[in-house]
Amino acid sequence: MELAINQVSKQYKGNFWALKDFNLRLEPGVLGLLGENGAGKSTLMRIISTITDATNGAVHWNGIDISKKPNEIRRVLGYLPQDFGVYPNLNAVEFLEYIAAIKGISKRTAKKRIDELLQLVNLTHARKRPIGGFSGGMRQRVGIAQALLNDPQILIVDEPTVGLDPIERVRFRNLLSDLSGERIIIFSTHIVSDVEATAGSIAIISKGKLMHHSDPDTLLQTVEGKVWEVIVSEQDVQALRMQWIISGTIRSGKGIQVRIVSDTKPAPDARLITPAMEDAYLYCISDSRGGSRND
Ligand SMILES: Nc1ncnc2c1ncn2[C@@H]1O[C@H](COP(=O)(O)OP(=O)(O)OP(=O)(O)O)[C@@H](O)[C@H]1O
């Protein structure tokens, strides 16, 4: 089972490149696709889902070019888009029956599968309630259930945790972890803690380019010995922001503790501290890669 994204570029009208020479090879497990708003995540998901075509390059599913044979991947794909719409008056079972019918799943198979899926996403108790009254987390779990109706080998979830409260977010992440195994899951998000908790590998995308791809530990190692803390007065924080990658500030009795990601010691009294994933992410998407900022 292999999904290979080979030199994929996407140009929208107006000579704007949303993806540029993107390469990634995916195997079973959860891939966290991490990038800021507008980085190109949804564009990549839509190309893999065959909703839109790449301008250049190709995506291969088990060696087959999906633009030439889109049904090869559609058969095995489950997709939870960013703007997942539900019919508020339908209850969870009716909604899933409706999606199953669109996917061409027989009524009998669908009934059994829907029961299993509602149990899996922990919604059996709410199966007969209109979806319009569901919380954001419950709706997203219905979204996952519809994406799983055909027991997909590839599951794509695009920014599924946006708008969820912290408890719902954790529950949703746990659900994704439970679903991995012999499946490729692509979990796109701009929230670092989402991928930190769930993903076996992390791809960082910025301005349409792949900046990094590795397991979480290797990503963390990129900023080993590069995360510093300095304590400054409030007035000095702004000047530091202009010059360095700042990954956090904490107000303390002594002043403002500023977290700086830099290859070199940013100030004579700076001290090295333990890196966190957020530091590594900011380092990877920074144009200047850890020295002083020049963008
Ligand atoms: N149909 C389109 N026509 C023109 N530009 C587009 C189109 N779709 C997306 N873009 C632009 O391409 C870039 C990448 O968008 P994309 O939606 O792929 O990013 P994203 O990482 O998913 O961000 P977001 O979370 O904001 O959706 C953005 O600058 C966006 O404005």
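Keep in mind that what you see is a predicted model, and the values were worked out from it rather than measured. Whatever order the structure lists ligands and atoms in, that order sets their numbers, starting from 1.
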If we only count N/O pairs under 3.5 Å, is [X] in contact with ligand 1?
X	answer
Gly40	yes
Phe16	no
Glu159	yes

Under 4.0 Å from any heavy atom of [X], which atoms of ligand 1 are there?
X	value
Glu36	21 (O)
Asn37	23 (O), 25 (O), 26 (O)
Arg46	8 (N)
Ala39	19 (O), 20 (P), 21 (O)

Taking only Lys NZ, Arg NE, NH1 and NH2, and the carboxylate oxygens of Asp or Glu, determine whether [X] and [Y] approach each other closer than 4.0 Å.
X	Y	result
Glu234	Arg251	yes
Asp158	Lys41	no
Lys226	Asp279	no
Glu116	Arg113	yes

Task: Any Lys10 heavy atom less than 4.0 Å from ligand 1 - done: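 Contact check Lys10 vs ligand 1: negative.
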Open item on the list: Taking only non-hydrogen atoms of Gly35, do any sit less than 4.0 angstrom from ligand 1?
Closed with: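 No; Gly35 lies far enough from ligand 1 that no heavy-atom distance drops under 4.0 Å.
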Task: Heavy-atom pair of closest approach, residues Glu168 and Ser135 - done: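 Closest pair (atom of Glu168, atom of Ser135, distance): OE2-OG, 2.6 Å.
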Open item on the list: Any non-hydrogen side-chain atom of Ile144 less than 4.5 Å from a side-chain atom of Phe172?
Closed with: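 Yes, side chains in contact.
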Open item on the list: Are the side chains of Arg141 and Phe134 in contact, using a 4.5 Å heavy-atom criterion?
Closed with: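 No; the side chains remain at least 4.5 Å from each other.
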When you measure from [atom] to every protein heavy atom, which one gives the shortest distance, and what is it?
atom	value
atom 15 (O) of ligand 1	Thr43 OG1, 3.9 Å
atom 10 (N) of ligand 1	Tyr12 CE1, 3.4 Å
atom 17 (O) of ligand 1	Ser42 CB, 3.5 Å
atom 24 (P) of ligand 1	Gly38 N, 3.6 Å

[X] and ligand 1 - part of the residue with a heavy-atom distance under 4.0 Å:
X	result
Gln11	neither
Met45	neither
His190	neither

Open item on the list: Under 4.0 Å from atom 4 (C) of ligand 1, can you find at least one protein heavy atom?
Closed with: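 Protein heavy atoms within 4.0 Å of atom 4 (C) of ligand 1 - there is at least one.
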Open item on the list: Can you check atom 26 (O) of ligand 1: any protein non-hydrogen atom closer than 4.0 Å?
Closed with: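 Under 4.0 Å from atom 26 (O) of ligand 1, at least one protein heavy atom found.
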TODO: Check the angle between the aromatic planes of Phe16 and Tyr12 and answer parallel, tilted or perpendicular using the 30° and 60° thresholds.
DONE: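 Parallel: the ring planes of Phe16 and Tyr12 meet at under 30°.
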Open item on the list: Can you tell me how the ring of Tyr98 sits relative to the ring of Tyr87, calling it parallel under 30°, perpendicular over 60° and tilted otherwise?
Closed with: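 Ring orientation, 0 to 90° scale: perpendicular.
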Task: Heavy-atom donor-acceptor pair, Ser262 side chain to Lys265 backbone, under 3.5 Å - done: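 The answer is no, because no donor-acceptor pair under 3.5 Å joins these two groups.
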TODO: Mark yes when over 12 heavy atoms from residues, nucleotides or ligands other than Ile102 sit less than 6.0 Å from its CD1; otherwise mark no.
DONE: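 Atom CD1 in Ile102 is packed in, count exceeds 12.
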